[in-house]
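The structure's right below; bear with me while I get my questions together.
Numbering starts at 1 and runs along the sequence shown. Everything numeric in this text was worked out from a predicted model, so none of it was measured.
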Amino acid sequence: MSFSFTDPKPNNEPSFSFTGPADVEEQLQAIADMAHEILRLVTDVRRQINN
């Protein structure tokens with residue numbers, strides 16, 4: 001299974017799609033993993049800005 005962002009919608013919000021066989025639990029876990037990574041990156045950026 002893979003996850004990818006697609007072209008932004010007219011309201012500028014990106015859409016995303018899953019490719020390959022995956023059940024809902026796998027998709028939710030992939031989203032949760034990406035959310036944790038995004039939050040980690042935001043923390044890194046904030047730390048760099050404040051230094």
Is it the case that more than 12 heavy atoms not belonging to R40 sit under 6.0 Å from its CZ atom? yes

Holding to salt bridge (charged side-chain N to carboxylate O under 4.0 Å, His left out), I want the full list of residues that pass it with E25, two or more places apart in sequence or in another chain. none

Hey, mind stepping through E37 and D33 against side-chain contact (heavy atoms from CB on, under 4.5 Å) and telling me if it holds? CA-CA 6 Å; E37 179 65 10; D33 292 345; over 6 Å; no

Does V45 have any side chain to side chain contact (heavy atoms under 4.5 Å, CB included) partners at least two apart in sequence or in another chain, and if so, which? I49

Between Q48 and D44, is any side-chain donor less than 3.5 angstrom from a side-chain acceptor? no

